[in-house]
**Q** 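Mind having a look at this structure? Questions to follow.
Position 1 is the first residue of the sequence; numbering continues from there. Atoms considered below: every heavy atom in the structure, side chains included; atoms not considered: hydrogens, waters and symmetry mates. Owing to the predicted nature of the structure, the values given are computational and were not obtained by experimental measurement.
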Amino acid sequence: MRRILGASAVFAILAMGMAGGVANAAGETEGTEVAPLVSSTVVVNEVSTRGINGLLDEFIELRNISNQPLDISGYQIRIWSPSGLTFETVVVPANTVLAPRNNPGQYLVLTGQNFGGTIVDATNVLPMNLANAEGIPTAGGVTVHNPAATRLDGVAFSNAVQQAREGQAAIPESATTDQLTASNTRNILSTDTDNNRVDFSLQLRSAGQ
């Protein structure tokens with residue numbers, strides 16, 4: 001169940017993240033569209049790059065959106081810097097199988113060192129120990145790749161991170177959203193239109209849910 005932030009909080013975030021109409025929180029103009037990459041198997045479903053416990057209070061949630069079990073052993077989750085460089089790659093361990101969508105075990109949740117939230121469906125949890133002091137950069141991005149290194153899905157929080165971005169970048173988190181325990185997440189259907197700004201919104205954290 002996705003829990004929507006209150007109206008006043010949303011307006012504050014939008015004012016901060018989209019001041020000037022077409023500029024994001026980093027003051028960038030909107031990026032150009034990138035090639036469509038709609039996934040029919042696994043998606044990056046929710047990301048929190050920071051939280052009330054600091055920059056390492058973070059997590060990534062993958063979801064199997066297919067109707068079949070999905071073996072994601074050897075899949076790669078790549079963490080991208082604001083300049084578009086990969087500085088972290090997390091490899092999914094062997095024998096990691098996600099259940100079909102809408103079943104327990106449909107998620108894989110990767111947790112940061114200072115993650116302090118609750119994981120509703122904790123069937124598949126993978127702790128991350130990222131070397132970068134910031135962990136997942138607030139203005140970076142996340143992609144998921146199969147064992148052949150083919151990119152399956154991605155989200156960026158800055159238009160500069162073209163390697164992860166689909167369409168327009170999602171609105172990044174901030175010190176304000178830390179206090180609201182927010183994350184960037186898709187809707188309950190995990191809709192994928194290949195536009196991060198459309199597909200992701202700042203909502204209350206809901207890891208494994």
Side-chain angles (χ1 to χ4, degrees), residues 1-18 24-26 43-63 76-83 85-93 96 105-144 154-158 161 164 169-188 190 196 199-209:
M1 178 178 177
R2 301 297 177 194
R3 297 166 292 172
I4 308 299
L5 291 171
S8 59
V10 171
F11 287 135
I13 292 167
L14 289 177
M16 175 180 57
M18 300 181 67
N24 64 19
V43 295
V44 179
N45 200 53
E46 184 173 358
V47 178
S48 183
T49 63
R50 52 190 294 162
I52 198 167
N53 294 325
L55 295 177
L56 299 180
D57 184 1
E58 56 191 0
F59 71 92
I60 300 167
E61 176 189 278
L62 304 184
R63 185 186 189 188
Q76 302 172 14
I77 296 88
R78 298 183 185 176
I79 314 298
W80 297 86
S81 73
S83 60
L85 299 176
T86 303
F87 57 80
E88 296 280 354
T89 298
V90 179
V91 179
V92 178
T96 303
Q106 65 186 310
Y107 302 105
L108 171 65
V109 181
L110 299 92
T111 55
Q113 296 177 53
N114 294 335
F115 175 71
T118 300
I119 302 174
V120 178
D121 178 356
T123 305
N124 303 297
V125 177
L126 179 61
M128 298 185 295
N129 187 12
L130 303 180
N132 177 44
E134 187 182 359
I136 308 167
T138 300
V142 175
T143 54
V144 57
V155 58
F157 309 108
S158 166
V161 191
I171 298 172
E173 294 169 75
S174 66
T176 300
T177 63
D178 291 351
Q179 302 306 312
L180 299 170
T181 62
S183 68
N184 260 296
T185 183
R186 297 181 188 269
N187 63 22
I188 197 170
S190 299
N196 295 156
D199 294 341
F200 287 84
S201 61
L202 288 164
Q203 302 180 26
L204 295 179
R205 286 180 165 197
S206 54
Q209 183 177 358

**Q** Give a yes or no answer on whether the side chain of N184 reaches the backbone of F200 with a donor-acceptor pair at less than 3.5 Å.
**A** no

**Q** Begin from the C-alpha positions of Q179 and I52 and carry the test side chain to side chain contact (heavy atoms under 4.5 Å, CB included) through to its verdict.
**A** CA-CA 6 Å; Q179 302 306 312; I52 198 167; 4.1 Å; yes

**Q** Is there side-chain contact between L126 and V109, with at least one heavy-atom pair below 4.5 Å?
**A** no

**Q** Do E61 and L108 have side-chain heavy atoms sitting under 4.5 Å apart?
**A** no

**Q** Taking side-chain hydrogen bond (donor to acceptor under 3.5 Å, both in side chains) as the test, write out the residues that go with S48, two or more places apart.
**A** E173, R205

**Q** Looking only at atom types and distance, does a side-chain atom of E88 sit under 3.5 Å from a main-chain N or O of A131, one as donor and one as acceptor?
**A** yes

**Q** Just by distance, with hydrogens left out, do E46 and S183 show a side-chain donor and acceptor under 3.5 Å apart?
**A** yes

**Q** Would you name the heavy atoms of V44 and R186 that are closest together and state the gap between them?
**A** O-NE, 2.9 Å

**Q** Heavy-atom distance under 4.5 Å between the side chains of M128 and I60, does that happen here?
**A** yes

**Q** For a quick test of reading the model, state the closest non-hydrogen atom pair linking S190 to N45 and the distance between them.
**A** OG-OD1, 2.6 Å

**Q** If we count only N and O atoms by modelled type, under 3.5 Å, do the side chains of T86 and R78 hold a donor and an acceptor together?
**A** no

**Q** For P93 versus T96, what's the shortest heavy-atom pair and its separation?
**A** O-OG1, 2.8 Å

**Q** Are P82 and P137 side-chain neighbours, meaning at least one heavy-atom pair lies under 4.5 Å?
**A** yes

**Q** Can you name the nearest heavy-atom pair linking D57 to N53, along with the distance?
**A** OD2-N, 3.1 Å

**Q** Is a side-chain N or O of E58 found less than 3.5 angstrom from the main chain of I136, in a donor-acceptor match?
**A** yes

**Q** Check side chain to side chain contact (heavy atoms under 4.5 Å, CB included) between S83 and all other residues, then give those that pass, not counting sequence neighbours.
**A** S81, L85

**Q** If you round to the nearest 0.5 Å, how far is CZ of R50 from CG of D178?
**A** 4.0 Å

**Q** Side-chain contact, heavy-atom cut-off 4.5 Å: I79 with N132?
**A** no

**Q** Backbone N or O of G154 within a donor-acceptor pair of the N196 side chain at under 3.5 Å?
**A** yes

**Q** Measuring from T185:OG1 to L204:CG, what's the distance to the nearest 0.5 Å?
**A** 10.5 Å

**Q** N124 side chain to Y107 main-chain N or O, any donor-acceptor pair under 3.5 Å?
**A** yes

**Q** Would you list the atom pairs, donor with acceptor, under 3.5 Å between side chains in residues 111-118 and any protein atom, with sequence neighbours excluded?
**A**
{"unit_1": "Q113", "atom_1": "NE2", "unit_2": "N129", "atom_2": "OD1", "d": "3.0"}
{"unit_1": "Q113", "atom_1": "NE2", "unit_2": "L130", "atom_2": "O", "d": "3.4"}

